[in-house]
Amino acid sequence: MSETAEKSLNFIEQIIEEDVKNGKHGARIHTRFPPEPNGFLHIGHAKAIYVNFTLAKKYGGVTNLRFDDTNPVKEDTKYVNAIKRDIEWMGFEWTGEPLYTSDYFEQLYGFAVDLIKKGCAYVDDQSPDEIAAQKGTPTEPGSHSPFRDRSIEENLELFEGMRNGEFEEGARVLRAKIDMSHSNMHMRDPLMYRIKKVTHHRTGDDWCIYPMYDFAHGQSDSIEEITHSLCSLEFENHRPLYNWFIEKLEIFPTRQIEFARLNLNYTVMSKRKLLRLVEDGVVDGWDDPRLPTISALRRRGYTPESIRDFAERVGLAKRNNIIDIGLLEFSIRDHLNKIAPRVMAVLRPLKVVVTNYPEGKTEYLTTENNPEDESAGTRELPFGRELFIEQADFMEDAPKKFFRLAPGKVVRLKSAYIIEYVDHKKDAAGNVTEVHVKYLEDSRSGQDTSGIKAKGTLHWVSAEHAKDAEVRLYDRLFKDEAPDSHKDRDFMEFINEDSLEIITNAKVEPSLVEAKSGDRFQFQRLGYFCVDSKYSTDGKPVFNRTVTLKDTWAKQKGK
RNA sequence: UGCCCCAUGGUGUAAUGGUAGCACACCAGAUUUUGGUUCUGUUUGUCAAGGUUCGAGUCCUUGUGGGGCAACCA
C-alpha cells in the first residue's frame with residue numbers, strides 16, 4: 001500500500017486526521033469489525049473489513065474483532081470459525097483475542113439497571129402488537145404505554161424478575177424512556193431487552209433476557225473504548241440513540257461514522273438471499289465459486305491481495321453505489337498476471353497431425369514460466385507428431401481478421417514451431433475432426449531462421465503426453481444487472497442457467513497433474529485457473545476458471 | 001406526505017471558494033512468439049433554478065431525483 005503524497009483523503013480519514021490533530025482520545029485510533037455470527041462473510045464485508053483494519057493501521061491504531069451475538073435464535077459457533085478464517089485469509093490481524101458482545105451481558109445488564117435508576121428506562125408489559133400500535137408512523141406521533149410511568153422500584157423489581165426467568169417470552173420488555181413523538185422513529189421508547197428462553201452459543205442458559213442491537217452495539221464500542229465506530233448508512237438514524245445512551249450512561253464517547261456499503265452488479269449480497277441460493281440447491285454450498293462470499297472467491301482462485309486492491313479501488317464515501325463486477329475482475333487479473341505461471345491447456349481439443357514430423361519422435365522445448373517474472377524460470381514441454389489445439393483456433397472458412405489456423409494460413413505454436421495448413425477431415429455431421437499441417441523445421445522457437453512471420457500464436461499440447469483434466473467454467477450467476485431490484489419479480493427469476501460449464505475432457509500439459517489444491521495458473525490465451533479444493537483428487541486435479549483473459553477478439557466477433 | 005442521508009463522464013472516486021483530475025470501462029494506435037501484458041492518445045461529467053462572491057462542483061435558498069427509517073433482527 002504505497003501512499004503517494006498526492007493521494008487525497010477519504011471523508012473518514014479527514015475526520016480521523018482532524019481528531020488526531022486535536023489530540024482527541026490522546027490521538028489514539030481504535031476500530032472494530034463487528035460481524036453477527038449468523039452467516040458467511042461476503043465481498044461487501046470484505047470492504048468493511050478492509051476499511052476498519054487499514055484505517056486503524058494507517059494511523060497507528062488497532063482493530064478489534066467482536067462478534068455481535070445478541071440474538072441466540074440465529075447465531076452459531078460454526079459461523080464464528082468461518083468468519084475468523086476469512087478475515088485471517090484476507091491478511092488482517094485483530095488485536096488480542098476475538099471479543100464477543102455476550103462477554104458484556106453482565107455489564108450491559110448493569111447499564112440497564114443504571115438507566116432504570118435514572119428514570120430513563122421502564123418495563124413494559126404490553127404485547128408486540130400493542131407496542132407497535134403505539135409507535136405511530138413516520139408522519140404521526142406515537143402514544144405512551146400505560147406502563148411508562150411505573151416507579152423506579154417497580155421497574156427494578158420487574159427487570160430483575162425478567163432476568164430470573166419469572167415471565168414468559170414476550171410477556172415483558174425493557175424500554176428506554178425517550179420521546180414517543182420524536183421525528184426519528186428510533187427515539188420512540190426503543191426496546192432495550194427482550195425475553196428469549198433460548199440457549200446461547202456461548203453463554204448457554206445463563207440468560208433468558210438478551211439486549212437488542214441498539215442497547216448492545218454502542219455500549220460494547222464504549223466498553224472497548226473504540227474511538228471510531230464505522231458502520232453502514234442504514235444505521236445513520238440510530239446515531240442519535242447511540243449518542244443518547246452514551247450521554248445518559250456517561251460512558252466512553254465512541255463516535256459512530258456511517259459509510260456506503262459495497263454493492264456489486266450481477267449478484268446478490270444479502271445473507272437471506274445467499275442462504276436461499278444455497279438451500280434451494282441453485283449453488284453448491286456457501287463456497288460455490290459463483291457466489292460473492294469470501295470463501296467462494298477463495299475457492300475460485302481470488303488472492304487476498306486482489307481483494308484488498310479491489311477494496312481500495314472502490315473508494316469510501318456516503319453515496320450509494322453499484323460497483324461493476326469488471327473492477328473486481330481487473331484486480332484479480334492484475335495480480336495473477338504478475339504471479340501465475342503460464343501453462344498449456346486445451347479445453348476443447350482438436351487433433352492436429354504434423355505430417356512431416358517423424359513418427360515416434362519426442363523433443364523437449366524450453367518455455368518460460370512467466371514472461372512478467374524472469375525469476376519464475378523455464379520448463380520443458382514435450383512436442384510430437386500429434387497435437388491438440390483449441391477447436392476455436394481452426395476455422396474452415398475464416399474471415400480476414402482471423403489470425404489462427406485456417407486453409408492457406410501459417411501460425412506459430414507457442415514456444416515451438418511455425419506450422420502451415422495442409423488439409424483437414426470432417427465427420428458426417430460436418431464437424432472438423434482433424435487438421436493436417438506441415439511444420440517449418442527451421443522455425444523452432446528461439447532459433448528461428450525461417451524468415452516467416454506468423455500473425456497468430458496458438459497454445460497446444462502433445463497428444464501423446466497430455467493428461468486429462470476436468471475444468472469448470474463459471475459465468476455470472478444472474479442474467480440481470482440488479483436481480484433484486486425488481487419490485488414485482490423475484491430475484492430467482494434472473495438466475496443464469498449457464499453459469500457453470502463442466503468440461504471433463506480437457507487436455508493439459510503433463511506437469512499439471514502434480515498441481516496442488518489452491519495452485520493458480522494462467523492457461524495460456526484462456527484465463528486464470530485454480531485447482532479446486534473440493535473436487536480435486538490426487539493425480540486428477542479439477543480446475544476452476546477464476547477469470548478469463550481480456551479477449552479483444554471475442555469483442556470484435558461480437559460486433 | 002414527517003425525519004435523516006446522498007447527488008461530479010458508462011461505473012466508481014478526487015478537487016476543502018481559484019485550470020474539473022484519477023481508476024475501471026470504452027474507442028484508436030504502437031509493441032508483442034498469449035488477440036494477454038505494457039505504452040500512447042481520444043471521447044464522455046458538476047441534477048435544476050435562483051442567490052452570495054472578482055470568482056461556485058464547492059457556500060445559501062427552493063425544487064427535482066435516489067436511498068434509509070414505523071422487527072421483541074443486526
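Chain identifiers are assigned alphabetically (A, B, ...) following the order of the sequence lines, protein sequences preceding nucleic acid strands; residue numbering begins at 1 within each chain.
Atom name C1', nucleotides B/U38 and B/U34: the rounded distance is 13 Å, in whole Å. For the P atom pair drawn from B/C5 and B/U40, the interatomic distance equals 43 Å after rounding to whole Å.
A salt bridge is defined here as a Lys NZ or Arg NE, NH1 or NH2 lying under 4.0 Å from an Asp or Glu carboxylate O, and A/K555 with A/D551 fails to meet this definition. Under the 4.0 Å criterion applied to side-chain N and carboxylate O atoms, A/E169 and A/K196 are not assigned as salt-bridge partners. Salt bridge A/R148/A/D189: present, at least one basic N to carboxylate O contact under 4.0 Å. Electrostatic pairing of A/E368 and A/R379 does not count as a salt bridge here, judged by no charged N lying under 4.0 Å from a carboxylate O.
Between A/Y104 and A/Q219, the side chains place no donor N or O within less than 3.5 Å of an acceptor N or O (distance only, hydrogens not considered). Counting only N and O atoms by type, the side chains of A/Q134 and A/H144 include no donor and acceptor under 3.5 Å apart.
Between A/H186 and A/H238, the ring-plane angle classifies as tilted under the 30° and 60° cut-offs. Ring orientation note: the planes of A/Y421 and A/F394 are close to parallel, at an angle under 30° on the 30°/60° scale.
Of the two residues near RNA chain B, A/N10 and A/E372, the one whose nearest nucleotide lies more 5' is A/N10.
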Q) In dot-bracket form, how is RNA chain B paired, counting a Watson-Crick or G-U wobble pair only if both its distances are under 3.5 Å and using | for bases paired to another strand? A) .((((((..((((....[..))))..((((.......)))).....(((((..]....))))))))))).....
Q: For nucleotides 67-74 of chain B, just jot down a letter per nucleotide in 5' to 3' order: B, S or -, based on protein non-hydrogen atoms under 4.0 Å.
A: SBSB-BSB
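Comparing B/U11, B/C24, B/U34 against the side chain of A/D324 picks out B/U11 as the nearest. Residue A/S8 places its side chain closer to B/A14 than to any other of B/U33, B/A14, B/C6.
The residue A/F403 sits close to a base: some heavy atom pair falls under 4.0 Å. Among the atoms of the strands shown, base atoms are found under 4.0 Å from some heavy atom of A/R342.
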